[in-house]
Structure formats: structure tokens, C-alpha cells
Amino acid sequence: MAKALIALLVSLLIPALLDGARSLANAEPDDDQAFTVAVLRRDGVLIPFANHRRGRWSNDWPEPGKPFDVPITLDDVPDEWWGHSTPVTAWTLWRFQGNSHQVRATVPARYPAQCLPGFGFRTDYRSDEPVPPPTERPHPKDGLATSASARVEKVEILDERAPEWSDLQQRIAPAFAEVEREVVRRFSKWNHPATASERERMPVRIEQLYRVPLRGAGELYYVEASRAYDDPSQKDDCDAVTLVSGWVRPWRPADKVFDLSAVITLCDRADATYVLPLGLIRPSGDRSPVWVLQVAGWDVEHYVAVETGRDANRILVSAFGGSCPRDP
């Protein structure tokens, strides 16, 4: 099989992402409030990637791989990188376990953004988990960091014990088959080892399921699922794998509950990208919540802020987080 066709990421995966959860604090961000959002790597490097000011989101930080001069001190960081807001030394780290604590940025620094030079800050953070080499791809993240008084909610991660898990594993099959057929049709020099009817007899396996409450609608879900097939043309019994991911809005009509995208790859999943939910920020008033997430694979990373509504999503920020060249 030729190198797998990628349903690449921000345009397909993200318009199909997630909202609400259990609140860690009662206060909500004021739309007039200015704050910066960053992701914290396990090695203690803090990577700012989004600024919020007067209800607007922007990415003013230097993109990995682009030429830029690393400031010597925090005071030397250009004002425009902060979105013309106040430079930040003290950050609140919102860990995936649901707790938070203070982290202090020390000096600006370059770091390996996959295979590209990126800009971030060294911090006083020390992880409780083993720290892999700086070049680990994608490097593990320990949480989302915010400046000012912005609050972050935890996104709930479900497992197979949740009643929704088995229910969705059955209900997703027709929508899974539909997006899978569309991806198979795009191949011109490769034939899928299984016919459409053979594929649709195979069970769908849910791999990840996230749940958050959406005000005025109900529970909103994000799902990652797969189906594998024997491929005699591949060495070492490497299966062909279809990976499907996207949104589940149960309140919609039956044919619109699932909003999915698909990619076909091999058993090594070298072409796969996965969502890591970093947290949720709720604006004031009745505006839809903003889910902040990482979309990453072995050779590419993005950080994204998505406003998730009752019927649709809107990308507020999509920040390139680094990449590596693919093997020919």
C-alpha cells in the first residue's frame, strides 16, 4: 500500500472537537480580561500559543521553524508576542488530574518542536513522572497553563465501564462505514484488502471517548475509533487500519449525530494523529465553551482553541507546534 492517505488534521479533525466538564472554579473568564494560554511540557518548558483579549483570540507567538531572535530575559520578550498585554512570569498550571498549582517562568529558551527550533520559557516546574529525552515525539505534556485569573475545567475521560462506551460502539458503525468508504474511494493506486461489505461486518473498536456537558443541549462527546483488516500485500502481517474520530451530538436527528473524519494507515499508525484534551475555558455569558487541545502524531503537532456550540464548532486559534520530515 502506498504511504497512507492522511485526513490532515486541523481542517478535518478539528471541525468535527469538544466542550464542557466539571468546573475546577466558580469564576469564569471575563471577555474583557486579557490572558495567555500555554502548554507545559513534561521537561518543564512552557510554550505559549494563544492570547485572549477583549473577547478575541489570537496567536502572536513565533512559529516553530521560522527565524526569530530568542530574547535574553523575560523583559526582552516583544510586547506584540503577548498580544500587547502584560508580560507574565507567574502561571497557573491546570494538570490533567484536576488539580492546579503555580509555575514560574524563568528565562526564554529554544526547545525542539519535533524537529524544528521552537520558542518557549524554562520554568521551575518539576514533573512527578519520568521525563523522557527532549526530542521525544510528541513530547509528553503535563497540563495547560494560563496567566491572570483564567480558569480551566477538566475534560472527562471515559473508559469501557461507562454506559455510553458500549452504546456508541454499536451506534457508530453506520457513520464509521460512510466516512471509511469515502476515504477508500480517494485511493487511485491501492485497493483495500477487504470489500465494503466485508469491512462493514467487522466490529468497530472505540479507543478514546471524552464527555463534557454543553449548556442547553446535553452531553457532548468526542470519540476516536478504529477497525483493522488483514492485508496480504504487507510484510510482517501488518494490518490495514481505519482510524475515525470526531464529535457525537446525541440531540441531533439520527443521521446527524456523528460528525466524523477518517484516515487509512498501516499497523504502525505512522500517519495517525490523536487528540489530547488540555482543558476547557468557559467565556462569560451565554457564549459557547472553548476547548483547548493538542492534535499530534509522530511527526506533527498543533495546539488549537475550538469554540464548541450546540450545532457547530469554530476554530479560534490553530497554532503550529512543530513537525519532522517524513521518510520517503
Side-chain angles (χ1 to χ4, degrees), residues 7 9-24 28 96 98 152-183 199-227 241-263 272-283 285-295 304-316:
L9 99 141
V10 180
S11 62
L12 290 179
L13 175 64
I14 294 164
L17 270 149
L18 190 65
D19 74 33
R22 199 173 297 122
S23 178
L24 297 177
E28 295 178 338
F96 301 134
V152 175
E153 299 178 5
K154 178 182 175 183
V155 173
E156 189 173 5
I157 302 174
L158 303 181
D159 61 24
E160 59 272 11
R161 294 171 296 181
E164 297 97 326
W165 188 283
S166 57
D167 177 57
L168 289 177
Q169 195 153 256
Q170 299 299 319
R171 294 176 61 195
I172 198 175
F176 188 111
E178 181 180 349
V179 293
E180 184 180 47
R181 285 193 298 269
E182 178 59 31
V183 173
R199 293 195 301 269
E200 291 168 24
R201 287 197 295 269
M202 299 291 289
V204 174
R205 184 171 73 90
I206 290 181
E207 299 188 350
Q208 294 289 344
L209 185 60
Y210 308 116
R211 178 180 66 192
V212 286
L214 190 61
R215 286 176 184 166
E219 304 289 338
L220 179 67
Y221 300 86
Y222 185 82
V223 64
E224 294 178 340
S226 67
R227 195 152 58 184
V241 180
T242 300
L243 303 174
V244 166
S245 57
W247 296 95
V248 185
R249 289 179 165 90
W251 55 84
R252 283 180 168 181
D255 61 341
K256 298 183 183 300
V257 166
F258 295 95
D259 188 359
L260 306 174
S261 61
V263 59
T273 56
Y274 299 96
V275 159
L276 173 65
L278 300 171
L280 188 91
I281 299 175
R282 289 192 186 274
D286 295 329
R287 294 183 59 183
S288 298
V290 176
W291 190 34
V292 186
L293 54 104
Q294 172 186 278
V295 182
V304 186
V306 184
E307 184 181 65
T308 53
R310 187 180 188 280
D311 296 310
N313 302 325
R314 183 165 67 102
I315 298 174
L316 304 174

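If you're wondering where the values come from, they're calculated on a predicted model, not measured in any experiment.
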Nearest heavy atoms of Arg252 and Ala312, plus distance in Å: NH2-N, 4.3 Å

4.5 Å side-chain heavy-atom contact, Val223 and Leu168: no

Parallel, tilted or perpendicular, as decided by the 30° and 60° cut-offs, for the rings of Tyr222 and Tyr210: parallel

Straight-line distance of Ser226 OG to Met202 CE, nearest 0.5 Å: 10.5 Å

From CA spacing to verdict: side-chain contact (heavy atoms from CB on, under 4.5 Å), Val304, Val292: CA-CA 6 Å; Val304 186; Val292 186; over 6 Å; no

Separation between CD of Gln208 and OG of Ser245, rounded to the nearest 0.5 Å: 11.5 Å

From Glu156, Arg211, Glu164, residue fulfilling side chain to side chain donor-acceptor pair (under 3.5 Å) relative to Tyr221: Glu164

Validation row: Phe96, Leu278 side chains within 4.5 angstrom (heavy atoms): yes

For the student: nearest non-hydrogen atoms of Pro250 and Glu219, plus distance: CD-O, 3.3 Å

Stepwise side-chain contact (heavy atoms from CB on, under 4.5 Å) check, Phe176 with Arg227: CA-CA 9 Å; Phe176 188 111; Arg227 195 152 58 184; 3.5 Å; yes

Check against side-chain contact (heavy atoms from CB on, under 4.5 Å), Leu220 and Val248: CA-CA 6 Å; Leu220 179 67; Val248 185; over 6 Å; no

N-O pairing of Arg205 and Glu207 below 4.0 Å: yes

Test applied, side chain to side chain contact (heavy atoms under 4.5 Å, CB included); reference residue, Val306; option that passes from Val290, Leu293, Leu316: Leu293

Rounded distance (nearest 0.5 Å) linking atom CG of Asp159 with atom CG of Leu209: 9.5 Å

Stepwise side-chain contact (heavy atoms from CB on, under 4.5 Å) check, Val257 with Trp251: CA-CA 7 Å; Val257 166; Trp251 55 84; over 6 Å; no

Exam field: side chain Glu224 to backbone Val275, donor-acceptor pair closer than 3.5 Å: yes

For Gln169, side-chain hydrogen bond (donor to acceptor under 3.5 Å, both in side chains) partners two or more places apart: none

Which atom of Val183 lies closest to which atom of Ala262, heavy atoms considered: CG2-O, 3.5 Å

Flag, side chain of Arg249 to backbone of Arg310, donor-acceptor distance under 3.5 Å: yes

Closest non-hydrogen atom pair, Gly309 against Leu214: O-CD2, 3.5 Å

Heavy-atom closest contact (Val152 atom, Gly279 atom, distance): CG1-CA, 3.7 Å

Gap between atom CG of Leu260 and atom CD1 of Ile172 - 0.5 Å precision: 5.0 Å

Nearest heavy-atom neighbours spanning Leu158 and Trp165: O-CZ3, 3.5 Å

